[in-house]
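Input: a single structure, listed below in C-alpha cells.
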Amino acid sequence: MKYKVGIVLSGGGARGIAHLGILKALEEFGTKPSVISGTSAGAIAGAFYARGFSFEEILIILKKGHFFNYSNLLIKKQGFFSMKGFEKIYSNYFPTNSFSDLNIPLYVAATDVLKGEIVYFSSGDISQSLMASSCFPVIFQPVKYMETYFVDGGVLDNFPIKPLLNQCEIIIGIYVNSIKKEINEIHMNNIIDRSFHLALYNSVKNKIKKCDLFIEPPDMSQFGMFDLRKTNEIFDYGYKYGLSLEDKIKELMVNKNTI
C-alpha cells in the first residue's frame, strides 16, 4: 500500500467545520492522515489542514473568508454569484497556488457539469480545484476550468472514497450530514435541506462498508449549512464526538499495526 492512513471528508457547508474538530481528536490519539480526499467543505478543510495550518488558524481563515456564509449574499442580490472572490483568498494561503504547497497529498472532488462526470484533482491549480469543488449550484456560477465547467463535487460524490481505494492500509471516513431519523414534525424551511441530505446519504451507504472506520457525528442537521455564526460550536461538537471514539480508533490502529 502507498499510504498508511487515508481520510475521506464529506461536503456539508459550515458543518464541514466538524471535520477539523474530529481531525484534532485523531491527532491527539496519534493518528494523522497520510492522504486526504475531500468534497466541497471537506476539500476546503482538507486543503488548509494539509497545508499545515493549526486548527485555530484554520478557524480564523474560514470565518474571515466567509466560505460557508452564502445565504447572506442571497438576501442582498438575486441570481448567480461568481467564485472569483475566493481566488484571492486562496492565493494568500497557498503561495504557488499549487497542490505542491501541501504537506499531505490531497484529492479534490468536483462535478464536470457538461460531461456529467466526477473529477478528482490532485495536481495543478489548487484555487481553481477548490472553487470547482465548492461551487454550490444555484448560488454560484459554474467554475470554468480546463475547458469545461464545474459545480460542487457533492452533486455526484459527497463522500469521495474512490481515489483512496487500494492505496491505504486504513481508510477513515468522516461524514458530517447526519439527520435525525425520526421526527414528529418539520417546518417548511427545513424540507429542502432534509430532502437533500436524505438523497445524499442514500448514495453514501454503499461506500461505508469500504471504510475501516466510518465517523458520523449524530444530529448534524442542528447546524445550518451556511451558518458561520456557530463555527466554534460546530468545531467543538466534532472534537468532542471524536474524543468519544478513542477506544475504537486506538483498537483499529493496533489491529492494523500502524502505531
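Judged by distance alone, with hydrogens and angles left aside, the side-chain atoms of Q167 form a donor-acceptor pair with the main-chain N or O of P163 at under 3.5 Å. In this structure, the side chain of E57 engages the main chain of S54 through a donor-acceptor pair within 3.5 Å. The closest donor-acceptor contact from the side chain of S133 to the backbone of S129 lies at 3.5 Å or more, if one exists at all. In terms of modelled atom types and a separation under 3.5 Å, the side chain of D152 and the main chain of A132 share no donor-acceptor contact. The main-chain N or O of I161 is never found under 3.5 Å from a side-chain atom of S37 such that the two would form a donor-acceptor pair. Counting only distance, with no hydrogens or angles, the side chain of H19 and the backbone of S10 share a donor-acceptor pair below 3.5 Å. Side-chain atoms of D212 do not come within 3.5 Å of backbone N or O of I172 as any donor-acceptor pair.
To the nearest 0.5 Å, the span separating CD1 on I22 from CG on L245 amounts to 7.5 Å. To the nearest 0.5 Å, atoms CZ (F29) and CD (E246) are separated by 4.5 Å. From Q222, atom CD reaches atom CZ of R15 across 9.5 Å, with rounding to the nearest 0.5 Å. Atom NZ in K4 sits 12.5 Å away from atom SG in C168 (nearest 0.5 Å). Atom NZ of K210 sits about 12.0 Å away from atom CG of L164, to the nearest 0.5 Å. Note that the CG atom of L156 and the CD atom of E117 stand 9.0 Å from one another [nearest 0.5 Å].
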I would like to know whether L59 and L20 meet side chain to side chain contact (heavy atoms under 4.5 Å, CB included); could you show each step before the answer? CA-CA 9 Å; L59 291 179; L20 298 169; 4.1 Å; yes
Under the side chain to side chain contact (heavy atoms under 4.5 Å, CB included) rule, what do L114 and E147 come out as? Steps first, then yes or no, please. CA-CA 10 Å; L114 297 187; E147 299 184 354; over 6 Å; no
Verdict with reasoning, S91 to N97, per side chain to side chain donor-acceptor pair (under 3.5 Å): CA-CA 6 Å; S91 68; N97 191 29; over 6 Å; no
Before giving the answer on ring-ring contact (aromatic ring centres under 6.0 Å, His included), spell out for Y93 and F53 the whole-Å C-alpha distance, their side-chain angles and the decisive distance to 0.1 Å. CA-CA 9 Å; Y93 299 105; F53 291 104; 5.8 Å; yes
Using the rule given for side chain to side chain contact (heavy atoms under 4.5 Å, CB included), can you reason through I208 versus N206, listing the C-alpha separation, both sets of side-chain angles and the distance that settles it, and then say yes or no? CA-CA 6 Å; I208 295 175; N206 292 332; over 6 Å; no
Could you walk me through whether I17 and E233 pass the side chain to side chain contact (heavy atoms under 4.5 Å, CB included) test, one step at a time? CA-CA 9 Å; I17 295 166; E233 185 179 343; over 6 Å; no
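No side-chain heavy atom of I7 sits under 4.5 Å from any side-chain heavy atom of I171. Side-chain contact between S122 and V108: absent, with no pair of heavy atoms (C-beta onward) separated by less than 4.5 Å. Two residues are said to be in side-chain contact when any heavy atoms from C-beta on lie closer than 4.5 Å; Y120 and I118 meet this criterion. Within the 4.5 Å cutoff, the side chain of Y237 has heavy atoms near those of the M220 side chain. Side-chain contact between I139 and F226 is present, with heavy atoms from C-beta onward closer than 4.5 Å. Contact annotation: the side chain of N232 approaches that of K63 to within less than 4.5 Å [non-hydrogen atoms, C-beta and beyond]. Inter-residue side-chain proximity for F150 and V113 is flagged as unmet; no heavy-atom pair is nearer than 4.5 Å. Side-chain atoms of Q128 and E87, non-hydrogen and from C-beta on, do get closer than 4.5 Å to each other.
Residues S98 and I126 come closest through the heavy atom pair N-CG2, 3.7 Å. In terms of heavy-atom proximity, S40 sits nearest to G11 at CB-CA, 4.1 Å. Residues G65 and F86 share a closest heavy-atom pair of O-CE2, 4.0 Å. Pairing each heavy atom of K32 with each of V5, the nearest pair is O-CB, 3.8 Å. Contact record, S178 with E216: CB-OE2, 3.5 Å, taken as the closest heavy-atom pair. Residues I36 and A50 come closest through the heavy atom pair CD1-CB, 4.4 Å.
Listed by chain and residue number, Y49 satisfy the ring-ring contact (aromatic ring centres under 6.0 Å, His included) test with F55 (two or more places apart in sequence, or in another chain).
Under a cut-off of 6.0 angstrom, the local environment of NZ in K162 is sparse, with at most 12 non-hydrogen atoms contributed by other residues, nucleotides or ligands.
Each of L23 and I60 belongs to its own hydrophobic cluster when Ile, Leu, Val, Met, Phe, Trp and Tyr are linked at side-chain heavy-atom distances under 4.5 angstrom.
When only modelled atom types and interatomic distance are considered, N158 and T39 share no side-chain donor-acceptor pair under 3.5 Å.
Under the 6.0 Å cut-off for aromatic ring centres, Y107 and F99 do not qualify, their centroids lying 6.0 Å or more apart.
For the pair K230 and F223, the cation-pi test (distance below 6.0 Å, angle within 45°) is failed.
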